[in-house]
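Working notes for the structure below.
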Amino acid sequence: MKKNILVGQSGGPTAVINASLYGVIAEGMARPEEVDHVYGMVNGIEGFLSGHVMDLSSLTHEDLILLKQTPAAYLGSCRFKLPENLDAPVYSLLFEKSMNIGACFYIGGNDSMDTVDKLSRCARIRRESISFIGVPKTIDNDLPVTDHTPGYGSAAKYVASTVREISLDASVYQQPAVTIVELMGRHAGWVTAAAALARKFPGDNPLLIYMPEAPFSMEQFFKDVEQALSRQPNVVICVSEGIRDKKGRFICEYTNEAQIDTFGHKMLTGCAKILESYVRNRFQVKVRSVELNVSQRCSSSMLSKTDQQEAIAAGKFGVQAALNGETGKMVSFIRRETEDGSYKMECGLEDVNHICNKEKTVPLTWISEDGTDVTEDFIRY
């Protein structure tokens with residue numbers, strides 16, 4: 001008996017989140033003997049609870065081609081945390097919707113995998129024959145047990161290209177100046193680390209890179225900046241939004257303006273602006289701060305072709321896995337090194353319980369001992 005499949009998107013978008021959606025739709029529509037319709041949740045689980053669903057099977061071939069190269073979330077997104085208690089009324093509302101669903105796919109990051117985990121466990125308890133599969137997505141690259149995540153490659157390309165342009169702009173003047181670039185990353189510095197790819201030669205900007213994995217010391221920061229300014233007049237510094245001191249206090253909290261989101265995460269912003277003030281007062285030089293903000297995740301002009309292809313593959317593999325009876329899993333990426341130094345990516349499956357609400361940080365061995373740069377191991381990665 002043919003079943004329908006349901007797909008939703010959650011959390012912050014990426015440049016290739018719709019490529020994964022394309023993969024789910026394309027694979028579903030390519031299996032007419034097993035799949036009747038492909039439905040999309042409008043604004044994720046939250047929208048689905050309100051009855052907002054669209055029939056994605058009606059999209060034309062041209063629509064689908066455009067979809068896989070369009071940034072942001074075509075279906076809309078949400079940040080909605082399901083209750084820990086699987087007996088909560090909300091689960092009855094979710095499972096009582098009569099749509100003949102055989103498989104459900106949720107495209108998202110850490111918190112989205114929490115949704116997949118709860119729904120798959122609830123389905124087992126209720127003896128519902130619905131497969132729940134997570135399709136990975138996040139520019140933060142912080143999902144465990146996968147080599148990398150769709151969205152990170154494009155974000156890394158954007159960061160490297162943009163920091164290169166900022167560095168060139170900063171180099172045109174002779175007077176001493178410091179430019180501080182703030183990049184996304186609450187607890188993991190993967191996005192900020194990619195700024196190292198902006199360099200063209202040893203000693204090129206950005207001279208300093210600070211990530212959350214290494215404790216941040218303001219006094220040591222001053223020494224680092226002083227040394228950098230002694231080497232050249234124009235210094236570019238890249239910092240993660242989540243850099244924090246050895247006591248665990250976020251630098252952005254030095255102004256007491258951090259707020260809390262629905263998942264209990266601190267909403268971080270502004271550490272570059274804080275550091276700008278400190279550097280200006282300490283060194284009496286021209287200082288500017290640049291916060292790249294959401295442009296890191298929505299720039300389709302910097303979209304990585306490899307990232308796009310892998311995102312599509314993740315969506316397609318998820319459908320194949322669900323139709324083969326898998327549930328409570330997330331599609332993972334497995335790296336196979338090749339002789340020419342590049343890699344081949346294979347899709348695998350991992351228990352979503354090993355992924356949800358957990359974070360993969362940059363290995364400390366990939367960060368320099370003084371905490372101001374990345375090592376060659378990261379560059380190769």
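No hydrogens, no waters, no symmetry mates; every other heavy atom, side chains included, goes into these values.
- Minimum interatomic distance between Y210 and D224 (heavy atoms only, all atoms of both residues): OH-OD2, 2.8 Å.
- The closest side-chain heavy-atom distance from V135 to M330 is not below 4.5 Å.
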- Does the pair V279 and F221 meet the rule for a side chain to side chain contact (heavy atoms under 4.5 Å, CB included), with working shown? CA-CA 9 Å; V279 171; F221 173 68; 3.5 Å; yes
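- Atom CD in E276 sits 12.0 Å away from atom CD in E291 (nearest 0.5 Å).
- How far CD of E310 is from OG of S20: 10.0 Å, rounded to the nearest 0.5 Å.
- Side-chain contact annotation: H52 with E46, donor-acceptor N/O pair under 3.5 Å absent.
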- Query: Can you list the steps and then say if D204 with R199 is a salt bridge (Lys or Arg N to Asp or Glu O under 4.0 Å)?
  - Reply: CA-CA 5 Å; D204 194 10; R199 297 170 181 150; over 6 Å; no
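- Here W190 contributes atom CH2 and D142 contributes atom CG; the two are 9.5 Å apart, rounded to the nearest 0.5 Å.
- Without hydrogens or angle criteria, D307 side chain to S154 main chain gives a donor-acceptor distance under 3.5 Å.
- Of the possible donor and acceptor atoms, one in the side chain of E253 sits under 3.5 Å from a partner among the backbone N and O of F250.
- Between the side chain of S368 and the main chain of D373, a donor-acceptor pair closer than 3.5 Å is present.
- In this structure a side-chain-to-backbone donor-acceptor pair under 3.5 Å is missing from K329 to G318.
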- Working for salt bridge (Lys or Arg N to Asp or Glu O under 4.0 Å), residues R186 and E241: CA-CA 6 Å; R186 181 184 290 112; E241 61 180 336; 6.0 Å; no
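- The shortest distance between side-chain heavy atoms of I243 and L275 falls below 4.5 Å.
- Linking ILVMFWY side-chain heavy atoms closer than 4.5 Å, directly or via other members, places L75 and I45 in two distinct hydrophobic clusters.
- Heavy atoms only, all atoms of each residue included: L349 and A321 are closest at CD1-CB, 3.7 Å.
- Residues E226 and S230 fail the side-chain proximity criterion, which asks for heavy atoms closer than 4.5 Å.
- Using modelled atom types, one side-chain atom of N324 and one backbone atom of Q320 make a donor-acceptor pair closer than 3.5 Å.
- From Y152, atom OH reaches atom NZ of K157 across 14.5 Å, with rounding to the nearest 0.5 Å.
- The shortest distance between side-chain heavy atoms of L56 and H37 does not fall below 4.5 Å.
- Separation of atoms CG (L82) and CG (D114) is listed at 7.5 Å; rounding is to 0.5 Å.
- Under a hydrophobic-cluster definition in which Ile, Leu, Val, Met, Phe, Trp and Tyr are linked whenever side-chain heavy atoms come within less than 4.5 Å, directly or via other members, M41 and V7 are assigned to different clusters.
- A donor-acceptor pair is defined here as one N or O able to donate and one able to accept, closer than 3.5 Å; no such pair exists between the side chain of Q9 and the backbone of S77.
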- Please test E219 against K223 for salt bridge (Lys or Arg N to Asp or Glu O under 4.0 Å), starting from the C-alpha separation and ending with a verdict. CA-CA 7 Å; E219 281 305 314; K223 293 177 182 177; over 6 Å; no
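- Rounded to the nearest 0.5 Å, atoms OH (Y158) and CG (L292) are 5.0 Å apart.
- A donor-acceptor pair is defined here as one N or O able to donate and one able to accept, closer than 3.5 Å; such a pair exists between the side chain of S131 and the backbone of E326.
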- Message: Run the side chain to side chain contact (heavy atoms under 4.5 Å, CB included) test on R335 and Y381 for me, step by step, so that the C-alpha distance in whole Å, both residues' side-chain angles and the decisive distance to 0.1 Å come before the verdict.
- Response: CA-CA 10 Å; R335 177 185 296 244; Y381 170 80; 3.3 Å; yes
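- Both V235 and I274 belong to a common hydrophobic cluster when Ile, Leu, Val, Met, Phe, Trp and Tyr are linked at side-chain heavy-atom distances under 4.5 angstrom.
- With contacts defined as side-chain heavy-atom distances shorter than 4.5 Å, the pair V374/M211 qualifies.
- Here the side chains of F105 and V319 are in contact, with some heavy-atom distance below 4.5 Å.
- Between the side chains of T60 and D63, at least one donor N or O lies within less than 3.5 Å of an accepting N or O.
- Using modelled atom types, no side-chain atom of S304 and backbone atom of G153 make a donor-acceptor pair closer than 3.5 Å.
- Taking 4.5 Å as the limit, some side-chain heavy atom of K286 sits within range of a side-chain heavy atom of R288.
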- Task: Could you give me the CA-CA distance, side-chain angles and deciding distance for V239 and I237, then say whether side chain to side chain contact (heavy atoms under 4.5 Å, CB included) is met?
- Result: CA-CA 7 Å; V239 299; I237 303 169; 4.0 Å; yes
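- Side-chain polar atoms of S299 and S301 form a donor-acceptor pair below 3.5 angstrom.
- Annotation: side chain of T138 is not in contact with side chain of R297 (no heavy-atom distance under 4.5 Å).
- Hydrophobic clustering keeps V236 apart from L168 (ILVMFWY residues linked when any side-chain heavy atoms are closer than 4.5 Å, directly or through intermediates).
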- Message: Before you tell me yes or no, could you show the steps for V35 and K2 under side chain to side chain contact (heavy atoms under 4.5 Å, CB included), namely the whole-Å CA-CA distance, both residues' side-chain angles and the distance that decides it to 0.1 Å?
- Response: CA-CA 5 Å; V35 177; K2 291 200 295 186; over 6 Å; no
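- Checking side-chain atoms of Q284 against main-chain N and O of N281 turns up a donor-acceptor pair under 3.5 Å.
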- Message: Does S332 form a side-chain hydrogen bond (donor to acceptor under 3.5 Å, both in side chains) with T146? I'd like the steps, not just the answer.
- Response: CA-CA 5 Å; S332 65; T146 183; 5.1 Å; no
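- With F132 as the aromatic partner, K118 does not meet the cation-pi criteria of under 6.0 angstrom to the ring centre and within 45 degrees of the ring axis.
- Counted by atom type alone, N141 and H148 present zero donor-acceptor pairs between their side chains at under 3.5 Å.
- For the residue pair L183 and A195, the shortest heavy atom distance occurs at CD1-CB, 4.4 Å.
- The shortest non-hydrogen separation linking M29 to L64 is SD-CD1, 4.3 Å.
- N293 places no side-chain N or O within donor-acceptor distance of the main-chain N or O of S295, the cut-off being under 3.5 Å.
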